[in-house]
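When a ligand or atom number is given, it counts from 1 through the structure's own listing order. Remember, it's a predicted structure, so these values are computed and weren't measured experimentally.
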Amino acid sequence: MNLELTEAQRGARDVARRFAREKLDRIGVEVDRTHEFPQEAVAELGQLGMLGVFIPEQYGGAGLDNVAYALVVEELSVECASTGVIVSAHCSLGSWPILGTGDEAQRQRYLPRMASGEWLGCFALTEPQAGSDAAGQKTRAIRDGDSYVINGTKNFITNGPEAGVCILFANTAPEQGHHGISAFIVETACPGFQVVRTEDKMGIHGAHSAQLSFSDLRVPRENLLAGEGEGFKVAMKTLDGGRIGIAAQAVGIARASLQASLNYAQERKSFGNPLASYQAIQWKLADMAVEVDAARLLTLQAASLKDMGRPSTKQSAMAKLFAAETAMKAATEAVQIHGGYGYTKEFKVERFFRDAKITEIYEGTSEIQRLVISSHVLQNR
Ligand code: CAA
């Protein structure tokens, strides 16, 4: 077993780390306050190849792998978890379904523009009444000659307002349960595609989560992904990768929480001594350090399995579950170590606390991850 990163993986991580420290440090603070989408940073990330890390070079990507991608998302999320999820939703949820389940014409039309950042991607699965129960899709797609006509509503769609391309799930045969769900590539400029509103959220303020509605949206038949009725599997396979991205985002938030705590515990004095001299604080720091490393190892394990073309469903769910709970725990401890100051907006740990929470919810709640993991371990898979 070799735990060393390759030169290319280290290179991608270092580029992302430098960009995060130079640009996202400030942007992370700003977008939390203004709720603005970090447009300029995302455009620069496109130029740096960070929006197509695992997209092969033949489709305009950087031609790297999922391990490099996870490292990039972690680095971005240390400084700005909003940018982390914008990149993760674009790559894992927007681009991957086309790369992993699309045909050659679809790959050639969409991937180069997505890898460059010209078109941002989003993934529209969740509906007002279909969150954890993703099979309960009410959005309807009806075949009409060489196209499908789509009507319905989607909720909490990351990148929804900014996306040029949307991977949209709709029911083509409601009587067939999850076998009646189909996936479509939708160009968001098409008539009938509407952004209804963006949610006013607790955290990740720079990443916009939108309600989308489709009113007689006409999608050409050649934009069907993987065949009629294959949509549920497209969604599940996509989420296997998406959960690696969210795990990496959570590792980034946890690492930022640890770093802020290390700094503060050495600067701040209490009863005449630095906080770091007290065992109560040392133990918190030790636990945080162990859990950050463990979360990263689980995340890279899942990414590495995906790179080898092996099933990663269980390991992706494990990584997402553990990393999300680590982020929440680390951010909570970071606020605790900062005391009253940690509860103010003067210190970044207040933002880390709010940003961490969503990692336990989106792309499958922690309860759903436990469901996926338990179904695998019970069947000895
Ligand atoms: N890969 C491929 N196929 C899979 C699969 C996977 N990982 N998981 C399941 N399937 C297949 C099964 O083999 C089965 O196929 P057959 O019927 O042909 O045998 C089919 O899918 C149904 O499987 P299950 O019976 O296990 O499905 P279920 O309905 O019992 O449970 C679930 C599925 C795990 C609960 C699933 O609904 C789920 O993951 N829910 C959470 C949804 C989610 O994560 N939503 C987040 C949306 S994205 C987001 O957060 C927004 C954003 O922008 C960030």
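When the salt bridge (Lys or Arg N to Asp or Glu O under 4.0 Å) test is applied to E104, the partners found at least two apart in sequence or on another chain are R107.
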Below 3.5 Å only, please: the N or O atoms of ligand 1 paired with protein N or O atoms, distance on each line.
| from | atom 1 | to | atom 2 | distance (Å) |
| --- | --- | --- | --- | --- |
| ligand 1 | 7 (N) | D240 | OD1 | 3.3 |
| ligand 1 | 7 (N) | D240 | OD2 | 3.0 |
| ligand 1 | 7 (N) | T313 | OG1 | 3.3 |
| ligand 1 | 17 (O) | H178 | NE2 | 2.7 |
| ligand 1 | 17 (O) | H179 | NE2 | 3.1 |
| ligand 1 | 18 (O) | K233 | NZ | 2.8 |
| ligand 1 | 37 (O) | S132 | O | 3.3 |
| ligand 1 | 39 (O) | R243 | NH2 | 3.1 |
| ligand 1 | 40 (N) | S132 | O | 2.8 |
| ligand 1 | 44 (O) | R243 | NH2 | 2.9 |
| ligand 1 | 44 (O) | G364 | N | 3.0 |
| ligand 1 | 50 (O) | E363 | N | 2.7 |
| ligand 1 | 53 (O) | T158 | N | 3.2 |
| ligand 1 | 53 (O) | T158 | OG1 | 2.9 |

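Aromatic pair Y59/Y110: ring centres not closer than 6.0 Å.
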Can Y69 and S92 be said to form a side-chain hydrogen bond (donor to acceptor under 3.5 Å, both in side chains), step by step? CA-CA 9 Å; Y69 162 66; S92 288; 2.5 Å; yes

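The OG1 atom of T326 sits 9.0 Å away from the CG atom of L321 when rounded to the nearest 0.5 Å.
Within a 6.0 Å sphere centred on OH of Y278, other residues, nucleotides and ligands contribute more than 12 heavy atoms.
Cluster membership for F156 and V85, using ILVMFWY side-chain heavy atoms within less than 4.5 angstrom, is not shared.
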